[in-house]
Number of protein chains: 2
Amino acid sequence: MKLTTQTDYALRTLMFLATQTRRAKVADVASLFGISVNHVAKVVNLLVRGGYIRSTRGIGGGIELAQSPDEIRLGDVIEQMEGDLHLLACVQADDGCVIHSFCKLKGVLAQAERVQREYLDSVTLADVVPTRRQLGQVK
Amino acid sequence: MKLTTQTDYALRTLMFLATQTRRAKVADVASLFGISVNHVAKVVNLLVRGGYIRSTRGIGGGIELAQSPDEIRLGDVIEQMEGDLHLLACVQADDGCVIHSFCKLKGVLAQAERVQREYLDSVTLADVVPTRRQLGQVK
DNA sequence: GGCAAAGATGCATCACAGACGCATCTTTAT
DNA sequence: ATAAAGATGCGTCTGTGATGCATCTTTGCC
């Protein structure tokens, strides 16, 4: 039931970028949270592929949000980072369990996933952005 | 976001026991699902500690449900097997993240956990028990 | 009392995933 | 051309879960 730390970093990175008015550097994110530049870079790259972040290489480059914070749904971001997040494999496909064909559990688990996902999709990045004042006190 | 196979086995074991009219043996469960007796025994032991199953040692012993199927909530069983299932550590305690004090994300994640848990607690074992007819065709 | 059935437990091994770091490649402004 | 900054791939380390083996404990039955 846990999220990976990559997902954690991804969410924090987006929260940070949402407070910035101009491009930031991966190194800024890493130093703010005290984590490795390498890991942030990987996470950022996934977010770029997902279309949440726009990156610019070279001198003066950096990263910035590619969408408005109120368009970025947390459920989508989490799925982007976690991949398929089924509680049990049998929810998505026949996993060879002998009772799979008539087992009602998979429907229940599918619904459990759905209610959580729907809630997470009702929350956007804009709902969790810290104020610049708060972030400023950290540095 | 995944459940362990132990939890999977636990749920299947309960579903099976709910169809039985008398004590079954751990070996019966293991052979029905084609899994190791050792693992089932461990899972069963956890369920006994949780009060879901009653076990009897010795000749003629075995296991049986300790509660009525409609009293066994799936959310409780899953928690029993998985332990604390927080999406991120920061939901439960300060994990040292520099923005922990004012981060709104932890509240959102706590709510995401809650909606799923509430749904799972609204479903009982009685809702997912297969018919004896169905199980009979497996053996 | 002894034996055998059945669950309880602990230990060891194995495999896999996630976390983390290093090294290198690619792009681009100046 | 050079240096900045992101993109990527490789390798190691560690923790957890899965699995199996061995042993202990309880208890009914003869």
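Please read all numbers here as calculations on a predicted model, not as lab measurements. The chains referred to below are lettered A, B, ... by the order of the sequence lines, with proteins before strands, and numbering in each begins at 1.
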Contact pattern, 5' to 3', of nucleotides 12-23 of chain D - B, S or - by protein heavy atom under 4.0 Å: ------SBBB--
Check: A/L88 and A/K106 side chains under 4.5 Å, non-hydrogen atoms: no
Rounded distance (Å) that lies between atom P of C/dA17 and atom CE of A/M81: 17 Å
Close side-chain approach of A/E113 and A/R117, heavy atoms under 4.5 Å: no
Length of the NZ-P vector between A/K2 and C/dA17, whole Å: 18 Å
Contact check, side chains of A/L47 and A/Y9, non-hydrogen atoms, under 4.5 Å: no
Note, A/P130 side chain near A/T19 side chain (heavy atom, < 4.5 Å): yes
Close side-chain approach of A/V115 to A/Y119, heavy-atom, < 4.5 Å: no
Close approaches to DNA chain D from residues 49-59 of chain A, in residue order (heavy atom, under 4.0 Å): A/R49, A/S55, A/T56, A/R57, A/G58, A/I59
Solution key, residues 93-101 of chain B side-chain donor-acceptor pairs under 3.5 Å, sequence neighbours excluded:
| residue | atom | partner | partner atom | Å |
| --- | --- | --- | --- | --- |
| B/D94 | OD1 | B/G96 | N | 2.8 |
| B/D95 | OD1 | B/C97 | N | 3.1 |
| B/H100 | NE2 | B/C90 | O | 3.4 |

B/D95 CG to C/dA19 C1', straight-line distance once rounded to whole Å: 16 Å
Non-hydrogen side-chain atoms of B/V77 and B/L120 separated by less than 4.5 Å: no
Gap between atoms CD1 and P, on B/I63 and C/dG7 respectively (whole Å): 6 Å
Phosphate OP1/OP2 of C/dT9: any B/N45 side-chain N/O under 4.0 Å: yes
Whole angstrom value for the distance that separates P of C/dA17 from CE of B/M1: 18 Å
Name of the residue among A/V44, A/V43, A/N38 meeting side-chain contact (heavy atoms from CB on, under 4.5 Å) with A/V40: A/V44
A/E64 CD - D/dA5 C1' separation (whole Å): 14 Å
Value in whole Å for how far the C1' atom of C/dG7 lies from CG of B/L47: 14 Å
Under-4.0 Å salt bridge between B/R73 and B/D76: yes
